[in-house]
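Order of appearance sets the numbers: ligands from 1, and atoms from 1 within every ligand.
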Amino acid sequence: MQVGLADTHCHLADDAFDKDREEVVERALAAGVSHIMAVGGGGPIESSEASADLAAAFPFMRSSAGIHPHDASSYCDDIEARIGGLLERVEVVAVGETGLDYYYDNSPREAQREAFARHLALAVKHDLPVIIHCRDAASDIREVVSAVCPGGLRGVVHCFTGNYEDARWYIDHGLTVSLTGIITFKKADELRATVKKLPLDTLMVETDAPYLAPMPYRGKRNEPAYVAEVAGTLAEVMGLEKERVYEATGANAAALFFDA
Ligand SMILES: [Zn+2]
Ligand SMILES: [Zn+2]
């Protein structure tokens, strides 16, 4: 499947889009977005179900199923069975978002590690990629990944803000690194310097909408159309034409989410 500019991570089923979801999708297409990953895991399991229903309505959209690290303490056999059920649907092509968030610590860290490990095991069982959220938890992400998937895994570390060594480790273990509007922020020089050293064919772009609107929309509600700003900044950082960035990041998005 030919994938160009793709928003590889947005929470399109979020309440923030209840009033104008169709217009938001239309604006994305008008901005040149070819594909959208409407991730699950932005709240209780019902949000993954809503994302799957949304993705089923559009041929260029896919979704994922999982429980965000914020809600990891709710993870149990029943939730896992419901995630497993969603993973059987054709439009649900990935597990997540899952991972570890030690910045907010909304769930106890032990519960986050346990839920993350179980998501990884589900991904292995269903032979699907994983969408990983990491905030202030890179060393524990490595530890859990190494324990559950010693041979590496397919997936993405979304909203990457780490250092070069972190990125290298992810890439060496089979993961793609995805960038949000944070790379457009004035103070993100360090992140831009890190990204510049990474091979373009290991990267993807996303909005994480409705959060993290890129410049010049910072502070407003984010939406998939703005992924063009993220890709545009990535092109500047790499010193490449934006079409080249669309093509390379789109090929990664196709391989991970949209070729299935
Ligand atoms: Zn996240
Ligand atoms: Zn997210």
Side-chain angles (χ1 to χ4, degrees), residues 6-17 21 24 28 33 35-52 54-55 61-75 83 86 92-107 109 111-113 115-116 119-120 123 129-138 140-141 144-145 155-162 166-167 170 175-183 185 188 191 203-214 217 220-227 230 253 256-257:
D7 183 356
T8 64
H9 189 115
C10 61
H11 298 270
L12 207 50
D14 192 281
D15 300 351
F17 298 111
R21 196 168 283 108
V24 165
V33 173
H35 290 75
I36 294 175
M37 165 48 90
V39 293
I45 186 67
E46 287 75 15
S47 74
S48 286
E49 289 161 355
S51 297
L54 187 60
M61 205 179 291
R62 298 289 183 276
S63 76
S64 65
I67 293 291
H68 195 280
H70 289 341
D71 305 306
S73 51
S74 72
Y75 201 90
I83 295 172
L86 283 167
V92 181
V93 299
V95 175
E97 66 180 292
T98 176
L100 303 173
D101 193 315
Y102 291 177
Y103 178 80
Y104 285 108
D105 277 329
N106 286 353
S107 280
R109 293 183 179 185
Q112 293 190 43
R113 284 190 290 267
F116 180 39
H119 279 86
L120 293 178
V130 190
I131 299 167
I132 299 175
H133 170 109
C134 171
R135 188 124 187 232
D136 293 353
D140 277 15
I141 290 277
V144 177
V145 166
V156 55
V157 176
H158 103 93
C159 192
F160 176 76
T161 55
D166 293 334
Y170 297 141
L175 295 164
T176 301
V177 168
S178 179
L179 304 164
T180 57
I182 292 176
I183 63 159
F185 294 174
L191 177 61
L203 302 176
M204 297 199 301
V205 287
E206 63 172 290
T207 58
D208 207 9
Y211 317 107
L212 291 175
Y217 309 104
K220 302 203 169 102
R221 182 189 70 172
N222 198 2
E223 59 176 70
Y226 301 163
V227 75
V230 180
L256 220 44
F257 300 141

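Aromatic ring orientation, His11 versus His9: perpendicular (interplanar angle above 60°, classes split at 30° and 60°). Note on ring orientation: taking the six-membered ring where Trp is involved, the planes of His158 and His133 are tilted (angle from 30° to 60°).
Rounding to 10 degrees gives 90° for the angle at the Zn ion (ligand 2) between OD1 of Asp208 and NE2 of His9. For the pair OE1 of Glu97 and NE2 of His158, the angle at the Zn ion (ligand 1) is about 90°; rounding is to 10 degrees.
Because the distance cut-off is set at 2.8 Å, His11 qualifies as a neighbour of the Zn ion (ligand 2) through one of its N, O or S atoms. The Zn ion (ligand 1) lies at 2.8 Å or more from every N, O or S atom belonging to Cys159.
Residues Thr207 and Asn222 share a closest heavy-atom pair of O-ND2, 2.9 Å. The minimum heavy-atom distance between Ala13 and Ser51, with the atom names listed, is CB-OG, 3.7 Å.
No other N/O/S atom of His133 lies as close to the Zn ion (ligand 1) as ND1 does.
Looking only at distances, a side-chain donor or acceptor of Ser48 sits under 3.5 Å from a matching main-chain atom of Gly41.
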